[in-house]
Amino acid sequence: MEKGGQMEIWVFAEQRGGELHKVSLELLGKAKELASKGGRVTAVLPGHDVKAISRSLINHGADRVLLADDPRLGIYRIIPYSLLLGGMIQDHRPDIFLMGATAMGVELAPRVAAKVKTGLSAHCIDLSLDSQGRLLQVVPGWGGGVVATVSCPEHRPQMATVMPGAMKALPPKEREGEIFEVAVELPDENLGPEVIEITQEKPQGLPLEKAEVVVAGGWGIGSRENWQLIQELASLLGGAVGATRPPVDEGWALEGQMIGQSGKTIRPRLYIGIGISGVMHHVVGMEGSDHIIAINSDPNAEIFETADVIVVEDFKKIIPPLIREIKNRLKKQGSSD
Amino acid sequence: MKRIIVCVKPVPDPKHWGRVSMDPDTMTLRREVIPSIVNPLDKHAIEAGLSVRDSFGGEVVLLSMAPPSAQPLLREGLAMGADRAVLLSDPVFAGSDTLATSLILAAGCRYIGDFDLIFLGNMSIDGSTAQVCSQLAELLGLPNVMHVTGLSWTNEGKVIITRKIENGFSKLVGIPPLVLSVRKELNKPRYVPFTGILAAESKEIRVLSNNDLKIDPSQIGLAGSPTKMAGLEIRRFERKRERLEGSPEEIVRKLMDKIYQIGVI
Ligand SMILES: Cc1cc2nc3c(=O)[nH]c(=O)nc-3n(C[C@H](O)[C@H](O)[C@H](O)COP(=O)(O)OP(=O)(O)OC[C@H]3O[C@@H](n4cnc5c(N)ncnc54)[C@H](O)[C@@H]3O)c2cc1C
Ligand SMILES: Cc1cc2nc3c(=O)[nH]c(=O)nc-3n(C[C@H](O)[C@H](O)[C@H](O)COP(=O)(O)OP(=O)(O)OC[C@H]3O[C@@H](n4cnc5c(N)ncnc54)[C@H](O)[C@@H]3O)c2cc1C
């Protein structure tokens, strides 16, 4: 509803077990920017006993929080969540509604959009307003080979899911904001499948071909002790360890971990190659990876030809602090999902 | 089990993606020159349907919204062991976004009728929105679960569903009818025996148009889709080769952002 030109922008505050997903704060940052020409940012927070999160939402840019507190919303389930959000949209008629492209958001947003019969764009990497104040949503397709700009000219709200990390959260500061508790009306029955268990993954000794993340080390790692850094990084990222020929020859890695012409061919979401020169023998086994990060002290290393992200540095200066950072991040995330 | 529907989408073969071009007037991709394949995850969806049928009986029906030229791809699914296929083909369906696509598929499901389960792939490789599962389920008024990596059954006919979430899994228990979209970890699509290919020749592919489905034309196709293409750009497949500069501390911070963006932590 555009009251006197005020645009109403909603952000879904995603939490599991009371832990807010970082993408929600990033979306608030973006929403605040979109609202800078006249608009209000509302965070929509469903859950149970989660009022405490409201403060953080306000400090990151929410002008108000619509809090839907109910035991039936304690654990995410698609039917009660979509009924709630669909009803709230019909009551308040926001112009824009943003959600994170997380496991939860990817499932929930389309259901809500279909309920209120509006358009939705998926996995957005950028958002902006055109001259008429309409939301332009940049979405990748065809494995990133096609980039489409999607708009939703006639239906409201304009809905989008946004990739985590694509937007920047504002630095938190003490801000004023209102918290409204909305009445939760849900049927007693037919709320769909029940969640009976949530487990954290302890991915150890994951087979290379199945891993979403592969951390591969080469001759440049230098020693068996250093090799433990490769193993630690891989396990923190929930991934598997890969290797070139020399580490296998040295006995740091097992034969089954070798990637390349005479080893395995992998296509993980993320490949990180450390201390690897990048000869074709190895590259043919990893070039199908979605994302490739290469760390090598030699600026002319061949592997950089096949990399999305290039780090020219001694790995001993990068990997130990990186491991610390990831540990910190994981500690903060806790049991957020 | 009475009936299991599996949604199958023909998609352009990634081996030939380099040949795609764009029609700037209509803002659509010219993909006629690119051969189609069955969306890879949909083979896992077919396998899921077949293995439920093998344990509990019933029939597996493939459902696709695509041009008539998709029939040979449906034969592949029939060769895997599906019992029959329904192809929804009509020029008025062209240009549908996910909501319109889901409306058409929902009409197809109702036409087929009497189903206990609908399986989909979690995501297509071309549009790759991953929006159809939830929208189809909403339009049919049924619960759905995405990211499915495991299925097992209790003696009372309930289904235990394992699904991937960030850093882990959750388990749900549900009662059919359900709409489920699957990830590749769920199963390994079966090998197609030569006898399967022969048997597929005589299986039915029923082609339906909107004369059969009778969906309000203002709700489907390009005109009925709430989303519009405001721009389209083709990027050639090249590695980004972005060098992270700065002190080791700065590089580590930038590296963290990159890893986070890729979505693995
Ligand atoms: C680059 C690009 C970007 C796009 N962005 C958007 C967008 O942001 N919003 C939007 O609404 N539309 C968008 N579209 C259009 C969208 O791709 C089409 O609506 C498409 O028909 C269905 O979506 P999908 O392929 O993304 O399906 P997904 O939801 O990714 O597919 C999941 C599963 O649904 C089933 N399925 C999907 N389509 C069919 C079908 N035709 N027949 C049978 N089963 C099927 C399959 O089992 C498939 O594995 C985009 C298209 C392109 C090319
Ligand atoms: C028939 C045949 C088949 C083969 N099949 C395979 C195969 O399947 N898989 C495979 O991997 N190999 C295979 N090989 C071996 C292959 O040719 C290469 O010898 C091997 O891949 C090189 O491994 P590397 O990159 O780890 O070592 P090197 O080429 O020695 O590279 C080490 C790299 O580490 C970097 N470095 C050194 N110190 C540091 C530091 N402190 N920080 C950061 N970077 C540092 C260096 O700059 C250098 O680029 C095969 C060979 C033959 C002949």
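For a residue to count as touching a neighbouring chain, one of its non-hydrogen atoms must lie under 4.5 Å from one of that chain's; by this rule A:Ser151 touches chain B with backbone and side chain alike. Interface remark: A:Ile79 contributes side-chain atoms only to the contact with chain B (heavy atom separation under 4.5 Å). Only the side chain of B:Leu29 comes within contact range of chain A, with heavy atoms under 4.5 Å apart. Contact of A:Val309 with chain B is made through backbone and side chain together, with heavy-atom distances under 4.5 Å. Proximity to chain B (any heavy atom under 4.5 Å) is restricted, for A:Glu313, to the side chain, taken from C-beta onward. Using a 4.5 Å cut-off between heavy atoms, A:Glu305 touches chain B through backbone and side chain atoms alike. Heavy-atom distances place the side chain of B:Leu178, and not its backbone, under 4.5 Å from chain A. The contact between B:Arg163 and chain A is made entirely by side chain atoms (from C-beta outward), counting heavy-atom distances below 4.5 Å. For chain A, the nearby parts of B:Asn144 are the backbone and the side chain; heavy atoms of each come within less than 4.5 Å. Looking at A:Ile319, there are no atoms closer than 4.5 Å to chain B (heavy atoms on both sides), in backbone or side chain. For A:Ile78, the part sitting under 4.5 Å from any heavy atom of chain B is the side chain, from C-beta outward, and nothing else. For B:Leu136, no part sits under 4.5 Å from any heavy atom of chain A, backbone or side chain. Within the 4.5 angstrom heavy-atom criterion, only side-chain atoms of A:Ile272, from C-beta onward, approach chain B. Residue A:Phe315 does not touch chain B at all, counting heavy-atom pairs closer than 4.5 Å.
Checking side-chain atoms of A:Glu197 against main-chain N and O of B:Lys171 turns up no donor-acceptor pair under 3.5 Å. The main-chain N or O of A:Val312 is never found under 3.5 Å from a side-chain atom of B:Arg243 such that the two would form a donor-acceptor pair. Of the possible donor and acceptor atoms, none in the side chain of A:Glu325 sits under 3.5 Å from a partner among the backbone N and O of B:Met256.
By number of non-hydrogen pairs under 4.5 angstrom with chain B, the leading residue of A:Ala103, A:Ala122, A:Ser82, A:Pro153 is A:Ala103. Note on A:Ile196, A:Val106, A:Ile293: by heavy-atom pairs under 4.5 Å with chain B, the leading option is A:Ile196. Among B:Ile259, B:Ile161, B:Asp97, the residue making the largest number of heavy-atom pairs under 4.5 Å with chain A is B:Ile259. Of the listed residues (B:Leu142, B:Thr162, B:Val11), the greatest number of heavy-atom pairs within a distance under 4.5 Å of chain A belongs to B:Leu142. Here B:Lys228 is the residue among B:Arg253, B:Glu249, B:Glu245, B:Lys228 with the most heavy-atom pairs under 4.5 Å with chain A. Per-residue counts of heavy-atom pairs under 4.5 Å with chain B were compared for A:Ala109, A:Pro110, A:Gly119; the largest is that of A:Pro110. Of the residues considered (A:Met104, A:Lys115, A:Lys317), A:Lys115 shows the highest number of contacts with chain B, using heavy-atom pairs under 4.5 Å. The most heavy-atom pairs under 4.5 Å with chain A, out of B:His147, B:Met229, B:Met123, come from B:His147. Considering only heavy-atom pairs separated by less than 4.5 Å from chain A, the leading option among B:Ala230, B:Ser170, B:Gly174 is B:Ala230. Ranked by heavy-atom pairs under 4.5 Å with chain B, the list A:Ala294, A:Cys152, A:Ala113 is led by A:Cys152. With chain B as partner, the option from A:Ile292, A:Leu136, A:Val139, A:Val213 having the largest number of non-hydrogen pairs under 4.5 angstrom is A:Ile292.
Looking only at side-chain heavy atoms (C-beta outward), B:Lys258 and A:His291 stay at 4.5 Å or farther from each other. Side-chain contact between A:Lys117 and B:Leu139 is present, with heavy atoms from C-beta onward closer than 4.5 Å. Residues B:Ser128 and A:His123 have side chains not in contact (no heavy-atom distance under 4.5 Å, counting atoms from C-beta outward).
The two residues B:Ile34 and A:Trp142 make their nearest non-hydrogen contact at CD1-CZ3, 4.0 Å. B:Leu255 and A:Ile295 get closest at one heavy-atom pair: CD2-CD1, 4.2 Å. Of all heavy-atom pairs between B:Arg239 and A:Asp290, the closest is NH1-O, 3.3 Å. The two residues B:Leu232 and A:Ala148 make their nearest non-hydrogen contact at CD1-CB, 3.6 Å. Contact detail for B:Val252 and A:Ile318: the closest heavy-atom pair is CG2-O, 3.6 Å. B:Ser134 and A:Arg111 make their closest contact through CB-N, 3.8 Å (heavy atoms, listed as atom of the first residue, atom of the second, distance).
Rounding to the nearest 0.5 angstrom, the gap separating the CG atom in B:Leu99 from the CG atom in A:Leu120 is 9.5 Å. Atom OG1 in A:Thr102 sits 10.0 Å away from atom CD1 in B:Ile165 (nearest 0.5 Å). Annotation: the span from A:Gln158 atom CD to B:Thr227 atom OG1 amounts to 12.0 Å, rounded to 0.5 Å. The distance from atom CZ of A:Arg329 to atom OH of B:Tyr260, rounded to the nearest 0.5 Å, is 6.5 Å. Between the CG atom of A:Leu237 and the CD1 atom of B:Ile262 there is a distance of 10.0 Å, given to the nearest 0.5 Å.
Summarising the local packing, NZ of B:Lys254 is surrounded by more than 12 heavy atoms from other residues, nucleotides or ligands at distances under 6.0 Å. The neighbour count for A:Arg267 CZ, taken as heavy atoms of other residues, nucleotides or ligands under 6.0 Å away, does not exceed 12. For A:Glu189, the CD atom counts as loosely surrounded, since its 6.0 Å shell holds 12 or fewer non-hydrogen atoms of other residues, nucleotides or ligands.
The pair A:Glu212-B:Arg183 counts as a salt bridge, with a side-chain nitrogen and a carboxylate oxygen less than 4.0 angstrom apart.
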